[in-house]
Novice: 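Provided herewith is a single structure, encoded as structure tokens, for subsequent inquiry.
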Amino acid sequence: MTDKWQSAMDHAVAVARKAGQMVREAVGSVQSEAVMLKSSPIDLVTQTDQKVEKLIIHSLKEKFPTHCFIGEESVAAGEGCVLSDKPTWIIDPIDGTTNFVHSFPFVAVSIGFAVNKQVELGVVYSCLQDEMYTARRGKGAFCNGRPLRVSHQQDIQRSIIATEFGSNRDPAAVDKIFSSLRNVVSIPVHGVRGAGSAAVNMCMVASGRVEAYYEMGIHVWDIAAGSLIVSEAGGVLMDVEGGPLDLMSRRVLAANNRSVGDRLVDKIDAFTLRRDDDAS
């Protein structure tokens, strides 16, 4: 039987690697390029973000001219953000732009591909670490070709939890973020960490480096690829209030197992953002 999406997977990996090379070459000179603002003074975008997205979309459109696209910088420029049943590429050219600006080493190219609103393949290339995370629905998750598996830890008190603060500085949202953080730390857990990239955080769950990751304020391009990598590595995906994950909801909880996820649901002080509100 013909593997319907293998050529899409191969092309996504190739273009992610090419994009990652562009990102690595730009890191040393990022201070000399324009750093612009989007929704807030800490929601950054650079010329490299825009160049990388153009590279990825141009390459994919040449190969798959009938497919749809959701790209972070395209949406920021006014294009729609609609996840339909049509084959759709979901792209974050640089997940961790603030990291990129400061040469903090967790910077990723994230490419997801969804059909009927279901992610069929995910590619996350952690450029500066040269770690290529890949997943196909029903075919497992891998890092540089090695199979991934989530942590077997069942005790949340022996777990590391990843989260981020986002870029929304509305006092009510900040209060809820720190309320959640206090609740999680006080479980107590072994520690709380954050890579500064939603895609990398999700891959850390998939690789067993942390037991869970949660965040409110992310977008579909931050988590589409990573969501499949987590689930194919044996993890669970949830809304922060315990229901099923909605990729468009701007809220995510990824955990190594349901028990750890449920304990976090009890501790997270949830809030909801519209698509056009400040995001991470």
Side-chain angles (χ1 to χ4, degrees), residues 12-62 68-81 83 88-113 122-133 164-169 194-203 215 217-226 247 250 273 275-280:
V13 169
V15 74
R17 196 171 293 281
K18 187 174 181 180
Q21 180 179 350
M22 181 183 290
V23 172
R24 284 195 301 273
E25 291 172 351
V27 166
S29 60
V30 69
Q31 295 300 331
S32 64
E33 74 170 65
V35 178
M36 297 158 280
L37 307 181
K38 292 196 288 187
S39 63
S40 78
I42 57 169
D43 187 10
L44 309 181
V45 62
T46 69
Q47 295 171 352
T48 302
D49 289 83
Q50 297 165 342
K51 290 176 182 177
V52 170
E53 182 165 309
K54 287 179 181 177
L55 166 74
I56 295 170
I57 291 180
H58 177 75
S59 180
L60 291 171
K61 277 187 175 179
E62 279 194 332
C68 300
F69 293 85
I70 298 173
E72 178 179 10
E73 305 314 327
S74 301
V75 172
E79 293 190 17
C81 181
L83 182 60
T88 302
W89 293 94
I90 307 166
I91 300 155
D92 192 340
I94 300 181
D95 188 44
T97 298
T98 300
N99 290 354
F100 171 69
V101 169
H102 291 273
S103 298
F104 193 69
F106 300 107
V107 179
V109 176
S110 179
I111 303 174
F113 177 66
V123 175
V124 172
Y125 185 37
S126 186
C127 316
L128 305 186
Q129 298 173 300
D130 193 23
E131 292 184 339
M132 179 70 75
Y133 295 90
E164 302 291 342
F165 301 112
S167 60
N168 187 308
R169 292 300 180 260
S197 158
V200 171
N201 284 329
M202 296 189 84
C203 289
E215 188 172 356
I218 43 75
H219 281 281
V220 61
W221 48 77
D222 297 304
I223 63 170
L247 288 173
R250 304 194 59 194
L273 291 169
R275 195 182 70 213
D276 55 349
D277 285 332
D278 290 349
S280 59

Novice: Do Trp221 and Cys81 pass the side chain to side chain contact (heavy atoms under 4.5 Å, CB included) test, and can you show the C-alpha distance, the side-chain angles, and the key distance before you say yes or no?
Specialist: CA-CA 10 Å; Trp221 48 77; Cys81 181; 3.9 Å; yes
Novice: Between CD1 of Ile70 and NE2 of His219, what distance do you get to the nearest 0.5 Å?
Specialist: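 If we round to the nearest 0.5 Å, Ile70:CD1 and His219:NE2 are 11.5 Å apart.
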Novice: How close do Glu131 and Tyr125 get, counting heavy atoms only, and between which atoms?
Specialist: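 Heavy-atom minimum between the residues: O-CD1, 3.3 Å.
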Novice: For the residue pair Glu73 and Pro93, what are the closest heavy atoms and their distance?
Specialist: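 Taking Glu73 first and Pro93 second, the nearest heavy atoms are CG-CG, 4.0 Å.
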Novice: Hey, are the side chains of Phe100 and Val27 touching, using non-hydrogen atoms and a 4.5 Å cut-off?
Specialist: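 Side-chain contact under 4.5 Å: yes.
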Novice: Working to the nearest 0.5 Å, report the span between CZ of Phe69 and CD of Glu53.
Specialist: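 Separation between the atoms: 10.5 Å.
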Novice: Judged by atom type as modelled, is there a donor-acceptor pair below 3.5 Å linking the side chain of Glu164 to the main-chain atoms of Ala195?
Specialist: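 Confirmed, Glu164 side chain pairs with Ala195 backbone.
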Novice: Applying the side chain to side chain contact (heavy atoms under 4.5 Å, CB included) criterion to Val123, which one of Val15, Val13, Val109 satisfies it?
Specialist: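 Exactly one pass, corresponding to Val13.
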Novice: Could you pull out the closest heavy-atom pair between Ala16 and Met132, with the gap in Å?
Specialist: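 In terms of heavy atoms, the two residues are closest at CB-CE, 4.3 Å.
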Novice: From Cys203 SG over to Phe106 CZ, what is the distance, rounded to the nearest 0.5 angstrom?
Specialist: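 It is 12.0 Å, given to the nearest 0.5 Å.
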Novice: May I ask you to decide if Leu247's main-chain N or O and Arg250's side chain share a donor-acceptor pair within less than 3.5 Å?
Specialist: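 Not confirmed, Arg250 side chain does not pair with Leu247 backbone.
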Novice: Supply the atom-to-atom distance Glu72 CD to Ile91 CD1, rounded to the nearest 0.5 angstrom.
Specialist: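 So the CD of Glu72 and the CD1 of Ile91 are separated by 11.0 Å.
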Novice: Distance from Asp49 atom CG to Gln47 atom CD, nearest 0.5 Å?
Specialist: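 So the CG of Asp49 and the CD of Gln47 are separated by 10.0 Å.
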Novice: Among Val124, Ile90, Ile223, which residue meets the side chain to side chain contact (heavy atoms under 4.5 Å, CB included) test with Ser110?
Specialist: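 Per the side chain to side chain contact (heavy atoms under 4.5 Å, CB included) rule, the option paired with Ser110 is Val124, out of Val124, Ile90, Ile223.
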Novice: Kindly give the heavy-atom pair with the smallest separation between Ser74 and Ile57, and that separation in Å.
Specialist: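 What the structure gives for the nearest pair is OG-CD1, 3.8 Å.
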Novice: Identify the heavy atoms of Ile111 and Ala225 that sit nearest to each other, and give their distance.
Specialist: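 For Ile111 versus Ala225, the nearest heavy atoms are O-CB, 3.4 Å.
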Novice: To the nearest 0.5 Å, what is the distance between SG (Cys127) and CZ (Arg17)?
Specialist: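 The distance works out to 10.0 Å.
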Novice: Check whether any side-chain N or O of Asp95 sits under 3.5 Å from a backbone N or O of Ala198 as a donor-acceptor pair, and report yes or no.
Specialist: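 The answer is yes, because a donor-acceptor pair under 3.5 Å joins these two groups.
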